[in-house]
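The next block holds one structure in the form of structure tokens; read it before the comments.
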Protein chains: 2
Amino acid sequence: MHLNRLPMNALHSLNGELSRPDLESRAGPDDHDDLRLWLRLLTCCNLIEGDIRRRLRIDFETTLPRFDLMAQLLRVPEGMKMSELSRHMMVTNGNITGITDQLEKEGLVERLKVASDRRSSIIRLTPKGKRAFKKMADAHEHWIQSLFSGLSDKSRKALFDALGELKLLAQTRLAARD
Amino acid sequence: MHLNRLPMNALHSLNGELSRPDLESRAGPDDHDDLRLWLRLLTCCNLIEGDIRRRLRIDFETTLPRFDLMAQLLRVPEGMKMSELSRHMMVTNGNITGITDQLEKEGLVERLKVASDRRSSIIRLTPKGKRAFKKMADAHEHWIQSLFSGLSDKSRKALFDALGELKLLAQTRLAARD
DNA sequence: TATTGTTATACTCTATAACTATA
DNA sequence: TATAGTTATAGAGTATAACAATA
């Protein structure tokens with residue numbers, strides 16, 4: 001099928017895959033291309049995401065959702081409503097409350113009451129939160145770069161474009177089911 | 001508040017992104033390409049994986065790890081050792097025990113003692129498990145195809161190759177840290 | 001009536017580590 | 001000593017649903 005992947009060494013199994021076992025190795029010769037593509041995508045993502053989670057925990061005693069929430073806030077210095085955060089992070093409201101509670105307790109974010117709608121809160125990073133997040137974001141960027149830096153420019157560009165196409169497709173088709 | 005559901009119109013934010021909020025929208029103009037690429041990859045994966053999990057739960061009352069375990073077994077009719085499953089699924093041994101317990105209780109897999117090594121078990125699908133899994137796998141393949149079918153052939157091919165490169169990179173670099 | 005945010009809850013997934021029985 | 005599998009535990013992550021206050 002798809003031989004000649006990358007630098008060929010002797011480590012291929014009979015059907016042309018690398019011998020390192022992973023999720024993709026569950027694909028059989030009769031499985032279709034889209035399925036193989038999906039398994040490869042999932043394997044890549046899980047590998048990298050798992051590493052990021054591990055490092056966030058070990059180096060910063062934090063988690064990916066906490067990191068994500070702070071990342072969202074950094075870009076909007078005036079803060080965001082919790083419902084906005086919920087949409088961006090694609091999780092339900094209650095979870096945002098929980099993460100916000102933790103971060104607020106540690107002095108990294110603060111809730112502000114908004115006059116125009118007394119149900120709403122605006123969440124924003126405190127100065128301490130900004131400093132703490134910038135350290136993490138720097139490290140995070142280095143982790144990512146050290147993983148992606150070996151990619152050829154061609155692959156990097158191809159990935160970015162093709163994933164853009166896929167994301168739009170997925171968002172469109174999934175939203176169409178509501 | 002949810003205007004702009006679907007078809008593409010003039011709804012781009014200033015920096016050329018779609019207005020639909022997602023994880024990638026946390027990237028700022030000063031963030032580097034690799035980081036944006038990673039966020040896009042993560043968003044794609046989360047969208048699709050979330051949908052798969054939801055459908056597995058609703059249509060088949062099962063979960064992704066259970067599905068994955070059965071998928072691994074289908075390809076090896078004679079069964080696999082639990083430690084092999086653990087490697088392939090990239091989770092620790094205890095978790096394989098847990099999932100296997102569930103599936104065994106439902107009659108979908110069976111443990112066989114192996115004579116040559118009395119510590120080991122071979123796990124394999126029962127006939128009932130095979131039938132049940134094939135139904136799920138068919139549905140699963142349709143879900144995937146209905147999401148990916150809109151991809152251009154060019155993008156599909158580019159994705160597959162570039163992800164192959166990335167997977168190898170990630171596996172190599174992450175393994176190098178042990 | 002609908003929305004914002006909170007609370008309570010339950011379940012899956014996962015890693016860690018201590019344990020057993022073999023090898 | 002090392003490995004195969006089990007058990008127990010704790011925490012992450014998430015969804016669901018009921019609720020209060022406000023729109």
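Side chains are part of it too, since the values below use all heavy atoms of this structure and drop only hydrogens, waters and symmetry mates. Lettering follows sequence order; numbering is per chain, from 1.
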Quickly work out the [X] [atom1] to [N] [atom2] distance and round it to whole Å.
X: A:L69; N: D:dG13; atom1: CG; atom2: P; value: 12 Å
X: A:D68; N: D:dA12; atom1: CG; atom2: C1'; value: 14 Å
X: A:I58; N: C:dT16; atom1: CD1; atom2: P; value: 8 Å
X: A:I99; N: D:dT14; atom1: CD1; atom2: P; value: 7 Å
X: B:K113; N: D:dG5; atom1: NZ; atom2: C1'; value: 8 Å
X: A:N95; N: C:dT4; atom1: CG; atom2: C1'; value: 15 Å
X: B:E49; N: D:dG13; atom1: CD; atom2: C1'; value: 12 Å
X: A:L56; N: C:dA15; atom1: CG; atom2: C1'; value: 16 Å

Kindly state each residue pair satisfying ring pair (Phe, Tyr, Trp, His ring centres under 6.0 Å) with at least one member in residues 64-104 of chain A, sequence neighbours excluded.
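Every pair satisfying ring pair (Phe, Tyr, Trp, His ring centres under 6.0 Å) with a residue in residues 64-104 of chain A: A:F67-A:F133, A:F67-A:H140.
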Using the ring pair (Phe, Tyr, Trp, His ring centres under 6.0 Å) rule, collect all pairs that involve residues 98-130 of chain B, keeping only residues at least two apart or in two chains.
none
Does [X] reach a base, just sugar-phosphate, or nothing at all? Heavy atoms under 4.0 Å.
X: A:R111; result: sugar-phosphate
X: B:S120; result: sugar-phosphate
X: B:S86; result: nothing

Could I get the full list of side chain to side chain contact (heavy atoms under 4.5 Å, CB included) partners for A:K154, not counting sequence neighbours?
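A:K154: side chain to side chain contact (heavy atoms under 4.5 Å, CB included) contacts with A:S152.
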What pairs with B:C45 under side chain to side chain contact (heavy atoms under 4.5 Å, CB included), at least two apart in sequence or on another chain?
A:W38, A:L41, A:L42, A:C45
Give every pair of a protein N or O atom and an N or O atom of nucleotides 10-12 of chain C that lie under 3.5 Å apart, one pair per line with the distance.
none

Applying salt bridge (Lys or Arg N to Asp or Glu O under 4.0 Å), can you list everything that pairs with [X], at least two apart in sequence or on another chain?
X: A:D59; answer: none
X: A:K157; answer: A:D161
X: A:R111; answer: A:D101, A:E104

List in chain and number order the residues that pass ring-ring contact (aromatic ring centres under 6.0 Å, His included) with A:F148, two or more places apart in sequence or in another chain; answer none if no residue qualifies.
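A:F148: no ring-ring contact (aromatic ring centres under 6.0 Å, His included) contacts found.
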Based on the rotation axes of five pairs at each end, what angle does the helix from C:dT1-D:dA23 to C:dA23-D:dT1 bend through, to 10°?
0°
Over 12 foreign heavy atoms within 6.0 Å of CD, B:E78:
yes
Heavy atoms from C-beta onward define the side chain here; which of D:dA4, C:dA15, C:dT6 lies closest to that of B:T92?
C:dA15
I'd like to know whether B:S155 forms a side-chain hydrogen bond (donor to acceptor under 3.5 Å, both in side chains) with A:E165, so could you lay out the CA-CA distance, the side-chain angles of the two residues, the decisive distance to 0.1 Å, and finally the verdict.
CA-CA 8 Å; B:S155 289; A:E165 199 179 324; 2.4 Å; yes
Which residues end up grouped with A:I58 if you chain together Ile, Leu, Val, Met, Phe, Trp and Tyr wherever their side-chain heavy atoms are less than 4.5 Å apart?
none
How would you summarise protein contacts on nucleotides 17-23 of chain C per nucleotide, using B for base, S for sugar-phosphate only and - for none, with heavy-atom distances below 4.0 Å?
----BBS
Using the rule given for side-chain hydrogen bond (donor to acceptor under 3.5 Å, both in side chains), can you reason through A:N95 versus A:T92, listing the C-alpha separation, both sets of side-chain angles and the distance that settles it, and then say yes or no?
CA-CA 6 Å; A:N95 297 313; A:T92 53; 2.9 Å; yes
